[in-house]
Amino acid sequence: MKRILEKLNLLPDKTDLKIWLISFCIINFAFLYHSLNFMWGNHDVEFIKKELLLSSGLFEGRFTQFIPHRLLTSGQILPILNNLLGFAFFTVGLWILAKYWNINKSVIGYVLFISFAATQPYTLSWMYFTFITLSCLFWTLLAALGLYISERINESSHKFSLSIFAILCFYITLGGYPPIINMFFVCLGGKLIISYVFEQKSLKQLFQIHKYTILNIIIAAVLFKISLLALNPNNVYNLETESLNNLPNKFLQTLLIAVKQFFITVPFMERGYKASLAVMSFIAITGTLFYPIANTKKLFLMLLWLGTIWTTSLTTFLVVPHTEYVSRIDFYGFGFLYTLMGGILLTLTPKIYQSFGIFILTVLLSLNILNDYQALKIWKQGHDAEFQILDNIVERIENHPQFNANHQYRFYQVGDLSLRPNYYNGSFEFNDVFLLTIPYLAIWQGSNLLEFYTPTNYINHKLPLLPEDITPEVYEFFMKKAKPWPHPNSVYMNQDIIIIVYNQSGLDEFKNILRTLRP
Amino acid sequence: MAKHQQNINTTKSESYIWVTSFLILCLSFSPLTFNFIWGNHDWLPLIQDSRLTSGLIEGRFSQYLLLKLLLRGKILPILNLIIGFMLYSIALYCLSRYYFNYKTAKLPSSLFISTAVSMPYIIEILYFHFITLSLLSWTLIIALSLIATQKAAKHHSILWLLCGFALLFIAIGGYPGCINMYVTAICCRLIQLHLTHQLTFRRLCKQAVPYTINLILALGLLKITFDYLQQKHLMMSMYNSQAATPLELIQKIPSILQAGILGFTEIQPFLGTIFKSIITAIFATFILSIIQTSQKHTTKDLSITSILILVLLISLKFSAWLTSNNTDNAFATLDPPTSMVRTDFYSYPILILFCLFFIYEQKSQILKNISFVCAAMLLLTNINTDLEFSKTHLFGFTAENKLQERIINRLQSNPKYKINNLYTVIQAGEISLRTKFHQKSANEKYGYYTLNTPYSRHWIAFEYYNFYAPQDFVKEGTSIHPKDITHEMSNFLSTQMSTWPHPYSIYVDTNYAIIALTPEGKKLLNNQFKLLHISPQSWR
């Protein structure tokens, strides 16, 4: 093992270990409030009690998603360790990326590069759902390793084995979360830019070295597609790819989206912060354009930059569902583009660029930490507020004169409540649900949530609300008397059913459904 | 100067070993450290300071010595656990370094000690906050006692012998079950001396003499102390403080041997199949390496080794061997002495620690690798299990407290509830919700304190019902005085009473509040009421 790492130049020395430790501590500090307050998202309710199986991700085509959990924690979502392991992998992944990009090695430079990249508020988007935190942060390590190894194939005598290993890295990550493809190409684009500018490589040389990377990614993508077909996953709601005919039209559309990402604000990434990132990006891009290379080369460099920026929207380009400005997708795309900008500043000459890089990354790291803490405070307040309402609803049900704890009720939740936004006073142009608005008490998790802490299980999980449950009394109640929580008429119960009304819009929708079922 | 620098480097390296194990232990239980969760006996001790005499009722006269010395008798969040973890990790460090005398390199030493300290036997110790610190500290006291007695054997010094005896007596005075650690460590040491240092039977016996003297003296004095305390009515006679008779001791040898072996295979909550398989593998490798070493020895040596291993197996359950067989007690059935995780905490981690070092110190590289791999796997399993326990503990505590809040809300919103009255609360039944968050494995047994006991006990209802109340509304006591039984109460108890959360699960009058929490509790209360045979004429 040691010899392999040595051959690949991946054996960490004392400085590297120091870099890992400092960066790991900074990243953990940025998300400390999350690690210490065990909060979980609305998909986690059952997983957190039971365990994640290897097959748990199959329904959405993520067939490798829970391999890290099964291997490391026997499928358990464990407080603190979930984050610690995820951040450890992310730290090492970013260290490999720094080596891949040949960032000037210094303790401060590497620490800033890694810490800045990992603490960007995009990372928060993986912390809402605890069941995927570990795996989705681990994919960054595998992806970076795949890229790093692919680059070394050209000069290695073990071309076949290295290719297999790299393909495996890409394949596993694609099977865990397909939008990681953004990271493959953003990082590859970054590598091409760095090699083209700083290492003065010709186009031919670039092709010679990186053809393996592209080939490995393509093979992994094909294998991924074949695996999906073989698995034939049911209920795959977010894997629908765009038809070839539509792709040319979508190219310009996604290029525009990619460029707009420099300016679009989302929760916890507000105007000032985005402007700072844009300034850093602008200086990094112009720095490379003014770098002493032949003028004829500059046109291709500009194309490389445009291509790299475009690849941040690669997923949006390839799939039908709208994925633009979604932070968990941008985590693998735009997040790495900003990281590239930081890395370039730390590598550019004259030295003034590097000093500026250290300055701006220090400022941005502080802003990242501030944004993360603000977000986590709001998440905690929202989490507590929503669960307090859940407690009150449980109490209301238990105190209901008709309630029998030994009975099995069919349950329906009308609407939901998202209280995180109540504690946020910032402004944004595009709302990212994972960062702010998705509720903890999701409509489809109502029954599991209701029984999470209760001593008895009184919900029939096999049968949903049936059309025959809509008796004239039920119909009358919801048409005329029902009101959202906390009104006394927000909880309805008879001998068969329990219905809870969370909000007015949910109630209006429910009334529309009821009209179609009018007894 | 060079020597001074070398000393600094050695100190640094030594500190690294115990700091690593301490940090691993802190990480394994960090959710418990940062979320202040306490057990069902802690409600009052959390508010009131523990006194030096608080443990006398169970004969544990030294139980609060360290808590008094270090934290002024207070149970303090974070500190309580951190100090306990620190003392425990130092104990295992001292044991391996200064008692077993293993001067193994930094990395394997850190790995082995970290693995041993994080073994999930500790989870039961962490349930009751009021004894956590003391139960963890006994490991260090015993380690020091062992080192002192070893010095006594080496230098023939009475002073060291007395020192060892005093420390042992203080430790078993705080929790007699910790004797397991003393005996297990001695057995391990004797095996080590016999195999590694090739001591003859006679020399081995000579080595064992000071330990035996201390053991007999300490146990004898403990028995005298128990008798004295009971005579003065300061101590209750409990099922786990009654000593077995000499005849019982002989009769129990086969069953204790069996229990010692079963300890490697018996599945209990949080001591699951993977964990047990790894510790069995470690012990099996240990036996294999003993056989390998013994090949060069005579048949006599082999029989000495076999005897020592049998004694070692008994020592793992030494406290259960010394305890009287009293299966009438409910606790003895729910939490039998031979399967008590709390006493296993003082033996199995010590054995595994010794086994890992012993295997690693063999010449064979394969054995070294096996010990390393097993330790790494066990460490990962330990951390996972400890955190899983923490999660279950956290969820169970939250769930039961939420239920408590709903019960209090219902009780206090009863029209008959008077704000200034003091009620006797009769809670029929208990609900434990930790099990709701635990995935039971096949053949899982016991786990009374690690999983099943609730955070609130019906006989100390006043402690937790008053805990968050602006003013006390529940008084001590759980019995209904026959003269206080009204027609309404009788009606409730005999006909109306239903279990929680039914509207008729709660009854309130001017003096009493009755909460029927579970069907079992309700049945028991019904039967008790029937036993009173009170004629309707006597109702008020």
Side-chain angles (χ1 to χ4, degrees), chain A residues 28 32-40 44-53 69-85 88 130 384 387-388 390-407 448 450-458, chain B residues 26-35 272-275 380-381 383-410 413 429-433 435-441 454 498-506 517-519:
Chain A
N28 274 292
L32 185 67
Y33 196 60
H34 187 273
S35 301
L36 296 184
N37 291 288
F38 194 31
M39 289 181 267
W40 65 93
D44 298 320
V45 185
E46 282 300 280
F47 290 139
I48 215 148
K49 259 196 214 175
K50 295 173 183 164
E51 59 180 352
L52 295 160
L53 303 172
H69 263 110
R70 290 300 318 173
L71 283 176
L72 293 166
T73 63
S74 314
Q76 291 274 339
I77 300 172
L78 297 172
I80 298 193
L81 194 67
N82 205 38
N83 283 1
L84 281 187
L85 286 174
T130 53
D384 289 353
F387 273 82
Q388 206 167 322
L390 184 72
D391 291 344
N392 295 339
I393 289 171
V394 169
E395 189 164 14
R396 186 87 70 89
I397 290 172
E398 281 186 349
N399 289 350
H400 198 284
Q402 276 187 292
F403 179 69
N404 177 0
N406 300 320
H407 194 70
N448 290 328
L450 209 60
E451 286 180 337
F452 193 83
Y453 287 118
T454 55
T456 48
N457 295 332
Y458 48 83
Chain B
C26 289
L27 163 73
S28 304
F29 294 102
S30 44
L32 293 189
T33 311
F34 294 113
N35 295 283
T273 319
I274 299 175
F275 171 76
L380 184 68
T381 312
I383 296 175
N384 279 334
T385 315
D386 295 343
L387 283 166
E388 191 193 336
F389 166 78
S390 305
K391 186 174 81 170
T392 313
H393 206 11
L394 187 65
F395 281 151
F397 186 72
T398 312
E400 287 187 37
N401 272 290
K402 280 177 190 283
L403 175 66
Q404 217 68 62
E405 278 169 30
R406 298 201 295 276
I407 294 170
I408 292 173
N409 282 351
R410 178 90 71 91
S413 57
E430 295 168 337
I431 295 179
S432 166
L433 290 178
T435 42
K436 197 178 164 92
F437 305 96
H438 172 68
Q439 282 211 295
K440 207 175 169 184
S441 20
S498 291
T499 49
W500 177 265
H502 192 275
Y504 281 115
S505 60
I506 285 191
L517 216 49
T518 62

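So you know, we letter chains A, B, ... as the sequences are listed, proteins then strands, and number each from 1.
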Honestly, the part of A:Thr454 sitting under 4.5 Å from a heavy atom of chain B is both
message = Less than 6.0 angstrom separating the ring centers of A:Tyr453 and B:Phe397, yes or no?
response = no
So, the part of A:Asn457 with a heavy atom under 4.5 Å from chain B: the answer is side chain
Cut-off 4.5 Å, heavy atoms of chain A, and the answer for B:Leu517 is neither
Query - A:Lys49 to A:Phe452 six-membered ring, cation-pi geometry met (6.0 Å, 45°) - result: yes
Are B:Ile407 and B:Ile506 close enough, and set up right, to give a side-chain contact (heavy atoms from CB on, under 4.5 Å), and what steps lead you there?
-> CA-CA 9 Å; B:Ile407 294 170; B:Ile506 285 191; 4.3 Å; yes
| Atom CD of A:Glu46 with >12 non-hydrogen neighbours under 6.0 angstrom | yes
Cut-off 4.5 Å, heavy atoms of chain B, and the answer for A:Leu84 is side chain
Applying a strict 4.5 Å limit to non-hydrogen atoms, the region of A:Ile80 in contact with chain B is side chain
Under 4.5 Å to a heavy atom of chain A? For B:Ser390 that would be neither
Exam field: side chain A:Asn83 to backbone A:Asn28, donor-acceptor pair closer than 3.5 Å:
no
task: Go through B:Phe389 and B:Leu32 one step at a time and tell me if the side-chain contact (heavy atoms from CB on, under 4.5 Å) criterion holds.
output: CA-CA 9 Å; B:Phe389 166 78; B:Leu32 293 189; 3.8 Å; yes
Turns out that what part of B:Phe34 lies under 4.5 Å from chain A's heavy atoms comes down to side chain
If one checks every heavy atom of B:Glu388 against chain A at 4.5 Å, the contacting part turns out to be both
Bottom line for B:Leu403: the part with an atom under 4.5 Å from chain A's heavy atoms is side chain
Comparing B:His438, B:Arg410, B:Glu400, B:Glu405 against chain A, the one with the most heavy-atom pairs below 4.5 Å turns out to be B:Arg410
If one checks every heavy atom of B:Lys436 against chain A at 4.5 Å, the contacting part turns out to be both
Could you go through A:Phe38 and A:Asn82, starting from their C-alpha distance and side-chain angles, then the distance that decides it, and tell me whether this counts as side-chain contact (heavy atoms from CB on, under 4.5 Å)? CA-CA 10 Å; A:Phe38 194 31; A:Asn82 205 38; 6.0 Å; no
Most heavy-atom pairs under 4.5 Å with chain A, out of B:Thr381, B:Leu387, B:Leu380, B:Ile274, belong to B:Leu387
Q.
Can you tell whether the side chains of A:Arg70 and A:Glu51 come within less than 4.0 Å, N to carboxylate O?
A. yes
